[in-house]
4 protein chains.
Amino acid sequence: MTSRAADHAGKPRLRADAARNRAQILDSARTAFRELGTAAPLDEIARRAGVNIATLYRRFPDRDSLIQQVVLDGFELVAQAAQEALNTAAQDPLGSVERLLLRLVENRDMLVLPLIGGPVATTREAAGLQGRIAPLLEELLTHGRTQGVVRPDITPMDLITTVALVCRPLPYLPADHATALVTRHVHLFLDALRPNDTRPLPPSPAPEDLRGHLIADPAES
Amino acid sequence: MTSRAADHAGKPRLRADAARNRAQILDSARTAFRELGTAAPLDEIARRAGVNIATLYRRFPDRDSLIQQVVLDGFELVAQAAQEALNTAAQDPLGSVERLLLRLVENRDMLVLPLIGGPVATTREAAGLQGRIAPLLEELLTHGRTQGVVRPDITPMDLITTVALVCRPLPYLPADHATALVTRHVHLFLDALRPNDTRPLPPSPAPEDLRGHLIADPAES
Amino acid sequence: MTSRAADHAGKPRLRADAARNRAQILDSARTAFRELGTAAPLDEIARRAGVNIATLYRRFPDRDSLIQQVVLDGFELVAQAAQEALNTAAQDPLGSVERLLLRLVENRDMLVLPLIGGPVATTREAAGLQGRIAPLLEELLTHGRTQGVVRPDITPMDLITTVALVCRPLPYLPADHATALVTRHVHLFLDALRPNDTRPLPPSPAPEDLRGHLIADPAES
Amino acid sequence: MTSRAADHAGKPRLRADAARNRAQILDSARTAFRELGTAAPLDEIARRAGVNIATLYRRFPDRDSLIQQVVLDGFELVAQAAQEALNTAAQDPLGSVERLLLRLVENRDMLVLPLIGGPVATTREAAGLQGRIAPLLEELLTHGRTQGVVRPDITPMDLITTVALVCRPLPYLPADHATALVTRHVHLFLDALRPNDTRPLPPSPAPEDLRGHLIADPAES
DNA sequence: GATGAATGAGTTTTCATTCAT
DNA sequence: AATGAATGAAAACTCATTCAT
């Protein structure tokens with residue numbers, strides 16, 4: 001039995017108001033990161049969250065811990081979405097890939113820090129999530145390949161790259177226009193998965209070179 | 001005939017050393033913007049360029065004027081590349097698109113500020129370049145459509161979007177890995193241009209909503 | 001009843017130490033403005049006040065807000081002194097004017113920013129004080145005119161002009177010499193108020209042209 | 001015979017364009033000093049004068065030499081005006097004082113640096129001018145005292161103080177309003193010179209304490 | 001747990017001054 | 001004689017961080 005105040009190892013459960021503050025800080029951080037980059041002033045983030053800067057510091061002792069949490073929440077969304085996509089992969093492999101990509105584009109407010117090319121995730125939790133995501137995508141693609149609706153030379157890394165590229169914030173562009181443009185790009189990418197008349201693809205970097213960038217830990221994949 | 005001291009309207013030609021400094025400042029700015037975003041410290045940019053911060057300020061009176069010049073130089077590269085791609089479009093329409101995209105990816109150091117979603121270009125020169133680019137791409141695509149090697153529903157804006165997405169800096173990723181990933185993505189995109197078995201694309205934003213984002217001036221396209 | 005923590009609308013009462021710092025900053029600002037003008041270095045002001053420059057900025061977000069407060073405090077002194085001068089105006093109208101002027105000269109450390117010809121006061125509070133001062137002076141003069149000891153063509157604006165001229169800092173002149181010279185000038189001015197043998201005065205600017213310069217709001221006077 | 005290039009000791013005659021530049025620089029300096037104080041940026045002064053900053057430096061090797069010249073030109077104006085006032089002093093002593101004061105007020109653009117309370121004049125030429133002015137004013141007042149139109153206790157220093165006070169720039173006030181206000185003040189001061197019903201004046205500082213402030217050198221007065 | 005206040009260490013920006021053309 | 005360019009130093013301003021309440 002855990003005490004009322006503590007959850008798991010070293011993680012005391014937050015008081016309701018504190019939890020609300022924490023969530024608002026993360027929300028503001030995502031907005032600020034999107035608009036101003038990860039160098040966004042912390043007091044600006046606090047101000048937008050409606051809390052004092054010292055409160056932000058109590059929750060996140062430095063900028064990196066805030067960044068890491070934003071990255072982690074992004075990874076979590078991707079893992080969750082990939083997992084759910086797999087549920088429909090057997091009946092409709094291409095549709096499940098399509099729904100996955102479009103869902104992530106829709107929720108790209110959670111993915112302000114690029115999955116690839118963004119701050120390197122260093123936490124244990126992030127490593128765990130990364131180790132799960134690539135195998136899920138691999139499984140997803142396997143359904144498509146088996147059923148002949150997805151070209152065989154496509155890899156999980158191509159999917160992740162695509163998500164990373166289309167989800168990066170375009171801060172100066174009105175949100176609906178940005179969505180329209182990248183949604184079209186995603187549809188084009190889906191057509192690129194057609195197995196007929198493909199031309200050979202250039203090689204991909206080795207997975208072990210991408211550790212920490214939302215690529216499956218090579219030890220696990 | 002222009003006088004020895006002046007170039008065009010109101011723009012006196014720079015002294016040789018001043019011109020060199022200016023170029024170095026822009027180079028450093030591109031590097032810094034890629035690594036740190038457009039909020040990169042200006043004195044760091046000056047230091048890397050080997051000039052005093054006040055020299056930077058003499059050339060670019062504020063951060064925005066520096067950003068605008070970087071944007072403009074990017075536009076210029078795209079315009080130049082598009083123009084040259086057109087030279088081979090009649091014989092090899094798909095190859096000319098391919099070479100255009102790959103050339104821009106290769107030179108994406110010049111495109112650190114996203115063509116779409118980056119700081120809005122407001123200068124007269126930028127407007128002029130924008131007005132030129134889309135028609136060139138349209139002509140390029142027309143060759144492909146006519147010869148039946150490019151799907152008809154693709155637009156210049158789709159090309160620009162793709163360039164914008166794949167050229168954005170991925171500062172935390174080693175450069176060669178980043179290049180490998182986005183090059184693969186470009187090859188996939190090229191396969192997406194195949195005219196057979198295409199599925200319908202969602203609508204594109206109206207060009208007039210994208211003014212200032214390297215989309216052709218609607219009056220001209 | 002006001003809450004313990006708040007004073008008036010939107011102005012939380014300062015903590016004791018913060019209030020002390022604020023007062024010291026204003027004192028240093030007056031001294032520096034007198035010696036160096038309103039362009040005096042702000043870090044010098046902070047240093048003299050014994051606080052960090054950032055503390056100054058917390059209280060006064062830019063130079064102008066500091067200037068405005070100094071102006072306002074000057075207005076407040078004038079309003080206060082004029083009000084008190086009125087208490088003795090019935091018995092001794094000329095003496096009350098004399099005491100008013102001399103008191104302001106004595107306290108001209110508070111009036112470093114000229115009442116007329118200095119930075120224009122734009123705040124609501126300044127406007128309120130301005131609306132009060134001229135009527136007080138008018139009343140003061142009325143006593144003198146009625147009792148035949150003050151010429152009838154003198155106006156509140158003449159008093160304010162005189163105060164403004166004699167209270168402006170003379171930074172290069174030793175303080176006691178400056179005091180002696182301007183005190184003599186004030187005595188001469190008082191003799192100029194004698195009602196006999198006066199010569200006509202040239203016209204005064206319309207009060208509505210002087211709004212923001214410590215002249216009563218024409219709507220109110 | 002002087003050489004074509006040199007005038008007197010060490011003062012080469014300026015080429016016509018150089019002389020014009022010098023005059024424009026002094027004009028701009030006066031304007032800038034009035035608006036921004038003597039700390040006005042030198043390059044701003046150069047800009048307004050339409051010359052390069054280095055040209056200003058060639059003429060005035062430091063800020064003080066520029067200030068001193070502005071002070072000196074002011075002294076020269078006062079000496080000249082006092083001299084001319086004396087021409088009509090015998091027939092119309094009060095009128096000659098009045099015309100003197102009003103003329104200086106009119107030309108106070110030349111007197112931006114306060115005659116008293118401004119930068120101390122240190123040059124040999126300034127000393128010479130100072131030694132001439134007070135005796136001229138004394139002579140002027142003597143005519144008035146003798147003819148019974150000026151109170152006997154008034155001194156040259158009172159005149160100079162008055163000029164100093166009313167001629168100081170009021171940078172934020174529209175010029176015509178400022179002129180109207182101080183002209184009225186001067187007229188009041190003139191009425192203060194009436195010899196009847198005067199009240200005793202407080203003592204004046206000793207002249208030798210005011211050396212360098214446009215008060216006659218005590219050795220000469 | 002939250003906040004107002006303060007501060008030291010930047011970063012931006014301006015400006016006096018010198019140099020080479 | 002005049003100017004464009006460069007620079008070092010100062011001043012304005014911002015921000016991360018800590019402390020006391």
Side-chain angles (χ1 to χ4, degrees), chain A residues 12 14-22 39-47 50-63 66, chain B residues 5 12-22 39-47 50-63, chain C residues 5 12-22 36 39-47 50-63 66, chain D residues 12 14-22 39-47 50-63 66:
Chain A
L14 293 178
R15 225 165 65 181
D17 55 345
R20 191 169 47 250
N21 281 344
R22 200 188 107 104
L42 294 182
D43 60 358
E44 172 71 9
I45 294 174
R47 207 184 49 67
V51 303
N52 189 281
I53 175 68
T55 301
L56 184 153
Y57 268 88
R58 165 175 285 274
R59 226 31 88 205
F60 302 97
D62 54 27
R63 178 185 297 277
L66 187 53
Chain B
R13 179 183 298 167
L14 290 178
R15 232 163 61 181
D17 54 348
R20 189 164 359 96
N21 282 342
R22 200 189 107 105
L42 294 182
D43 62 354
E44 173 69 10
I45 293 175
R47 208 184 47 68
V51 302
N52 188 281
I53 174 67
T55 300
L56 184 154
Y57 270 89
R58 164 182 265 282
R59 228 28 90 202
F60 302 98
D62 54 28
R63 178 184 297 278
Chain C
R13 181 184 296 167
L14 292 178
R15 231 164 60 182
D17 53 347
R20 191 164 358 96
N21 282 342
R22 200 189 107 106
L36 307 168
L42 294 182
D43 61 356
E44 173 70 10
I45 293 174
R47 209 185 45 69
V51 303
N52 188 281
I53 175 69
T55 300
L56 185 153
Y57 270 90
R58 165 182 262 281
R59 229 27 92 200
F60 303 98
D62 54 27
R63 178 185 297 277
L66 186 53
Chain D
L14 292 177
R15 226 165 64 182
D17 56 344
R20 192 171 45 251
N21 281 344
R22 199 189 108 105
L42 293 182
D43 59 358
E44 172 72 10
I45 293 174
R47 207 184 48 70
V51 303
N52 188 281
I53 175 68
T55 301
L56 184 153
Y57 268 88
R58 164 176 286 273
R59 227 29 89 205
F60 302 97
D62 54 28
R63 178 186 297 277
L66 188 52

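Chain A is the first sequence line, chain B the second, and so forth, proteins listed ahead of strands; every chain is numbered from 1.
In terms of phosphate contacts, D/N52 brings no side-chain nitrogen or oxygen within less than 4.0 Å of OP1 or OP2 of F/dA2. In terms of phosphate contacts, A/N21 brings a side-chain nitrogen or oxygen within less than 4.0 Å of OP1 or OP2 of E/dA2. The phosphate of E/dG1 (OP1 or OP2) has a side-chain N or O of A/R58 nearer than 4.0 angstrom.
Here D/R63 lies in heavy-atom contact (under 4.0 Å) with sugar-phosphate atoms only. Within the 4.0 angstrom heavy-atom criterion, only backbone atoms of the sugar-phosphate kind lie near A/A18; the bases stay farther away. Using a 4.0 Å heavy-atom cutoff across all strands shown, C/R59 reaches sugar-phosphate atoms only and no base atom.
Two residues, A/A19 and B/E44, neighbour DNA chain E, and the one matched to the more 5' nucleotide by heavy-atom proximity is A/A19. Along DNA chain F, the nucleotide nearest to A/A40 and the one nearest to D/D17 differ in position, and the one closer to the 5' end is contacted by D/D17. Position along DNA chain E of the nearest nucleotide to C/I53 versus B/P61 favours C/I53 as the more 5'-ward residue.
Comparing F/dA16, E/dA2, E/dA16 against the side chain of A/L42 picks out F/dA16 as the nearest.
Shortest non-hydrogen contact noted between C/T55 and C/N21 is CG2-ND2, 4.4 Å.
For F/dA11, the paired base is E/dT12 (Watson-Crick or G-U wobble, both distances below 3.5 Å). Shown here, E/dT21 forms a base pair with F/dA2; the pair counts as Watson-Crick or G-U wobble because both key distances fall under 3.5 Å.
With rounding to whole Å, B/D43 atom CG is found 18 Å from F/dA12 atom P. In this structure, the CD1 atom of B/I45 is 15 Å from the C1' atom of E/dT13, given to the nearest Å. Per the geometry, OH belonging to A/Y57 stands 19 Å off P belonging to E/dG1, to the nearest Å. Rounded to a whole Å, the CZ atom of B/F60 is 15 Å from the C1' atom of F/dA5. Counting to the nearest Å, the P atom of E/dT13 and the CG atom of B/L56 are 10 Å from each other. Rounded to a whole Å, the CZ atom of C/R20 is 9 Å from the P atom of E/dA6. The CZ atom of D/R47 sits 14 Å away from the P atom of F/dG4 (whole-angstrom rounding).
In this structure, C/R63 and C/L66 have side chains that are not in contact, with every pair of non-hydrogen atoms separated by 4.5 Å or more.
In this structure, D/N52 CG and D/Y57 OH are separated by 11.5 Å, a value rounded to the nearest 0.5 Å. Considering CD1 of B/I53 and CD of B/E44, their distance stands at 10.5 Å, rounded to 0.5 Å.
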